[in-house]
Amino acid sequence: MNNKLTRHEVRIKAVQTVFQLIAPLEDITTEDALDFALFAGNDPEEGYAGNVDAYLRELVEGVMAQQATLDQQISQYLTDWTISTIAKIDLTILRIAFYEILFVDNARVPNTVAVNEAIELSKAFSDDKSRNFISGVLAKVLENQA
(Lines give C-alpha, C1' and ligand atoms only; values in the text may rest on other atoms or scores of the structure.)
Protein backbone atom coordinates (compact mmCIF):
# COMPACT_ATOMS: atom_id res chain seq x y z
CA MET A 1 0.00 0.00 0.00
CA ASN A 2 1.37 3.44 -0.95
CA ASN A 3 0.95 5.91 1.89
CA LYS A 4 2.78 8.83 0.28
CA LEU A 5 0.33 11.71 -0.03
CA THR A 6 0.23 14.09 -2.99
CA ARG A 7 0.26 17.80 -2.16
CA HIS A 8 -3.46 17.95 -2.99
CA GLU A 9 -4.15 15.04 -0.61
CA VAL A 10 -2.03 16.78 2.03
CA ARG A 11 -4.25 19.84 1.73
CA ILE A 12 -7.40 17.72 2.01
CA LYS A 13 -6.04 16.15 5.20
CA ALA A 14 -5.03 19.61 6.45
CA VAL A 15 -8.60 20.87 5.96
CA GLN A 16 -9.97 17.86 7.82
CA THR A 17 -7.47 18.27 10.64
CA VAL A 18 -7.76 22.04 11.09
CA PHE A 19 -11.56 21.85 10.91
CA GLN A 20 -11.56 19.37 13.79
CA LEU A 21 -9.35 21.70 15.81
CA ILE A 22 -11.37 24.88 15.24
CA ALA A 23 -14.81 23.32 15.64
CA PRO A 24 -14.19 20.47 18.07
CA LEU A 25 -17.08 18.32 19.24
CA GLU A 26 -14.81 17.21 22.06
CA ASP A 27 -11.38 18.07 23.41
CA ILE A 28 -8.92 16.89 20.77
CA THR A 29 -5.18 17.22 20.34
CA THR A 30 -3.43 18.05 17.09
CA GLU A 31 -2.03 14.50 17.00
CA ASP A 32 -5.49 12.98 17.45
CA ALA A 33 -6.91 15.22 14.71
CA LEU A 34 -4.05 14.30 12.35
CA ASP A 35 -4.51 10.60 13.06
CA PHE A 36 -8.23 10.82 12.43
CA ALA A 37 -7.76 12.71 9.14
CA LEU A 38 -5.10 10.29 7.95
CA PHE A 39 -7.18 7.22 8.73
CA ALA A 40 -10.38 8.69 7.22
CA GLY A 41 -11.08 7.08 3.89
CA ASN A 42 -8.60 4.25 4.39
CA ASP A 43 -9.54 0.62 4.72
CA PRO A 44 -9.96 0.11 8.48
CA GLU A 45 -8.18 -3.23 8.18
CA GLU A 46 -5.12 -1.60 6.63
CA GLY A 47 -5.21 1.82 8.27
CA TYR A 48 -2.52 4.35 7.48
CA ALA A 49 1.01 3.03 7.84
CA GLY A 50 2.86 6.08 6.54
CA ASN A 51 4.42 8.86 8.50
CA VAL A 52 2.70 12.18 8.87
CA ASP A 53 3.81 14.20 5.87
CA ALA A 54 6.08 17.07 6.93
CA TYR A 55 4.11 19.55 4.83
CA LEU A 56 0.84 18.39 6.38
CA ARG A 57 2.25 19.00 9.83
CA GLU A 58 3.63 22.39 8.70
CA LEU A 59 0.21 23.44 7.38
CA VAL A 60 -1.76 22.29 10.41
CA GLU A 61 0.63 23.65 13.02
CA GLY A 62 1.24 26.84 11.07
CA VAL A 63 -2.46 27.60 10.56
CA MET A 64 -3.21 26.97 14.22
CA ALA A 65 -0.25 29.06 15.41
CA GLN A 66 -0.98 31.95 13.03
CA GLN A 67 -4.78 31.87 13.31
CA ALA A 68 -5.12 35.46 14.61
CA THR A 69 -2.84 36.84 11.89
CA LEU A 70 -4.60 34.83 9.20
CA ASP A 71 -8.04 35.99 10.37
CA GLN A 72 -6.88 39.60 10.37
CA GLN A 73 -5.56 39.23 6.82
CA ILE A 74 -8.71 37.45 5.62
CA SER A 75 -10.87 40.16 7.20
CA GLN A 76 -9.25 42.79 4.99
CA TYR A 77 -10.74 41.09 1.93
CA LEU A 78 -14.26 40.54 3.25
CA THR A 79 -17.28 42.57 2.19
CA ASP A 80 -20.50 42.13 4.18
CA TRP A 81 -18.93 39.22 6.10
CA THR A 82 -16.96 38.78 9.30
CA ILE A 83 -14.74 35.92 10.39
CA SER A 84 -17.48 34.73 12.76
CA THR A 85 -20.14 34.62 10.01
CA ILE A 86 -18.13 32.56 7.49
CA ALA A 87 -18.98 28.86 7.44
CA LYS A 88 -16.29 27.03 9.44
CA ILE A 89 -15.27 24.80 6.54
CA ASP A 90 -14.89 27.82 4.23
CA LEU A 91 -12.89 29.64 6.90
CA THR A 92 -10.65 26.59 7.24
CA ILE A 93 -10.00 26.55 3.48
CA LEU A 94 -9.28 30.29 3.49
CA ARG A 95 -6.92 29.99 6.46
CA ILE A 96 -4.92 27.28 4.70
CA ALA A 97 -4.74 29.31 1.47
CA PHE A 98 -3.72 32.47 3.31
CA TYR A 99 -1.13 30.53 5.30
CA GLU A 100 0.44 29.26 2.08
CA ILE A 101 0.35 32.74 0.54
CA LEU A 102 1.75 34.54 3.58
CA PHE A 103 4.07 32.03 5.24
CA VAL A 104 5.21 29.48 2.65
CA ASP A 105 7.99 30.54 0.29
CA ASN A 106 6.56 31.38 -3.13
CA ALA A 107 9.20 29.15 -4.75
CA ARG A 108 7.79 26.16 -2.83
CA VAL A 109 4.12 27.02 -3.36
CA PRO A 110 3.35 29.82 -5.82
CA ASN A 111 0.42 31.97 -4.76
CA THR A 112 -1.58 30.95 -7.81
CA VAL A 113 -1.16 27.30 -6.79
CA ALA A 114 -2.37 28.07 -3.26
CA VAL A 115 -5.44 29.83 -4.71
CA ASN A 116 -6.19 27.09 -7.24
CA GLU A 117 -5.85 24.42 -4.55
CA ALA A 118 -8.23 26.34 -2.26
CA ILE A 119 -10.80 26.46 -5.06
CA GLU A 120 -10.35 22.71 -5.62
CA LEU A 121 -10.79 22.11 -1.88
CA SER A 122 -13.98 24.16 -1.93
CA LYS A 123 -15.30 21.86 -4.66
CA ALA A 124 -14.82 18.91 -2.32
CA PHE A 125 -16.05 20.51 0.91
CA SER A 126 -18.44 23.34 -0.03
CA ASP A 127 -21.26 24.25 -2.35
CA ASP A 128 -21.24 26.56 -5.39
CA LYS A 129 -22.08 29.65 -3.34
CA SER A 130 -19.20 29.02 -0.95
CA ARG A 131 -16.85 28.21 -3.82
CA ASN A 132 -17.69 31.54 -5.45
CA PHE A 133 -17.15 33.32 -2.12
CA ILE A 134 -13.74 31.69 -1.58
CA SER A 135 -12.76 32.34 -5.18
CA GLY A 136 -13.77 35.99 -4.89
CA VAL A 137 -11.79 36.57 -1.70
CA LEU A 138 -8.69 34.90 -3.12
CA ALA A 139 -8.98 36.73 -6.45
CA LYS A 140 -8.76 40.00 -4.49
CA VAL A 141 -5.62 38.72 -2.77
CA LEU A 142 -3.95 37.93 -6.09
CA GLU A 143 -4.99 41.32 -7.53
CA ASN A 144 -3.52 43.04 -4.47
CA GLN A 145 -0.20 41.26 -4.96
CA ALA A 146 0.09 42.04 -8.65
Side-chain angles (χ1 to χ4, degrees), residues 3-42 44 47-48 50-146:
N3 283 312
K4 182 72 176 147
L5 299 172
T6 66
R7 276 287 172 98
H8 181 69
E9 291 168 332
V10 163
R11 289 179 182 95
I12 289 171
K13 299 302 182 187
V15 168
Q16 293 168 333
T17 304
V18 171
F19 183 79
Q20 289 180 81
L21 294 170
I22 68 166
L25 297 175
E26 58 189 56
D27 212 12
I28 188 169
T29 66
T30 300
E31 291 306 314
D32 289 341
L34 279 167
D35 285 346
F36 184 83
L38 287 168
F39 278 95
N42 288 314
Y48 182 82
N51 295 320
V52 174
D53 184 284
Y55 192 61
L56 172 58
R57 185 172 297 283
E58 177 184 346
L59 282 178
V60 170
E61 291 176 354
V63 167
M64 297 309 294
Q66 297 295 334
Q67 189 170 309
T69 301
L70 296 170
D71 288 355
Q72 185 231 7
Q73 291 295 314
I74 292 167
S75 293
Q76 294 178 23
Y77 295 95
L78 300 178
T79 306
D80 300 326
W81 290 90
T82 64
I83 292 296
S84 62
T85 59
I86 299 172
K88 295 289 185 226
I89 193 68
D90 298 338
L91 180 57
T92 300
I93 293 167
L94 284 170
R95 283 177 176 161
I96 290 170
F98 271 75
Y99 180 82
E100 287 189 305
I101 291 167
L102 297 172
F103 295 101
V104 177
D105 183 39
N106 202 39
R108 279 178 62 207
V109 179
N111 294 343
T112 53
V113 170
V115 169
N116 288 336
E117 282 290 325
I119 293 167
E120 288 301 310
L121 291 169
S122 71
K123 290 177 183 176
F125 292 106
S126 299
D127 61 15
D128 289 342
K129 187 175 178 183
S130 291
R131 186 170 30 263
N132 290 337
F133 169 74
I134 290 168
S135 180
V137 169
L138 294 172
K140 289 180 197 175
V141 172
L142 289 181
E143 285 174 19
N144 193 38
Q145 294 185 337

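Between Lys140 and Glu143, none of the side-chain N atoms (NZ, or NE/NH1/NH2) sits under 4.0 Å from a carboxylate O, so this pair counts as no salt bridge. Using a cutoff of 4.0 Å between basic side-chain nitrogens and carboxylate oxygens, Arg108 and Glu58 are scored as salt-bridged.
Formation of a donor-acceptor pair under 3.5 Å by the Ser122 side chain with backbone atoms of Ile119 is found in this model. The main-chain N or O of Asn111 is found under 3.5 Å from a side-chain atom of Asn106 such that the two form a donor-acceptor pair. Thr17 places a side-chain N or O within donor-acceptor distance of the main-chain N or O of Lys13, the cut-off being under 3.5 Å.
Side-chain atoms of Phe125 and Phe19, non-hydrogen and from C-beta on, never get closer than 4.5 Å to each other. At a threshold of 4.5 Å between non-hydrogen side-chain atoms, the residues Thr69 and Tyr99 do not count as touching. Proximity of Leu78 to Ile86: side-chain heavy atoms (C-beta onward) are separated by under 4.5 Å at one or more points. Contact of the Leu138 side chain with the Ile134 side chain is registered, since non-hydrogen atoms from C-beta on lie closer than 4.5 Å.
Checking Glu100, Gln16, Glu120 one by one against Arg11, the side chain to side chain donor-acceptor pair (under 3.5 Å) holds for a single residue, Glu100. The one candidate from Ile83, Val141, Ile74 that meets the side-chain contact (heavy atoms from CB on, under 4.5 Å) condition with Leu94 is Ile74.
Between Ile93 and Ala118, the shortest heavy-atom distance links the atoms CG2-O, 3.5 Å. Between Ser130 and Asp90 the shortest heavy-atom distance is OG-OD2, 2.7 Å. Pairing each heavy atom of Ile101 with each of Ala114, the nearest pair is CG1-CB, 4.0 Å. The shortest non-hydrogen separation linking Val113 to Val109 is CG1-CG1, 4.2 Å.
Rounding to the nearest 0.5 Å places CE of Met64 at 6.5 Å from OG1 of Thr30.
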Please lay out, stage by stage, how Ile22 and Val63 fare under the test side chain to side chain contact (heavy atoms under 4.5 Å, CB included). CA-CA 10 Å; Ile22 68 166; Val63 167; over 6 Å; no

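Side-chain contact check for Ser135 and Asn132: no donor-acceptor pair (N or O, by modelled atom type) lies under 3.5 Å.
When the salt bridge (charged side-chain N to carboxylate O under 4.0 Å, His left out) test is applied to Asp71, the partners found at least two apart in sequence or on another chain are Arg95.
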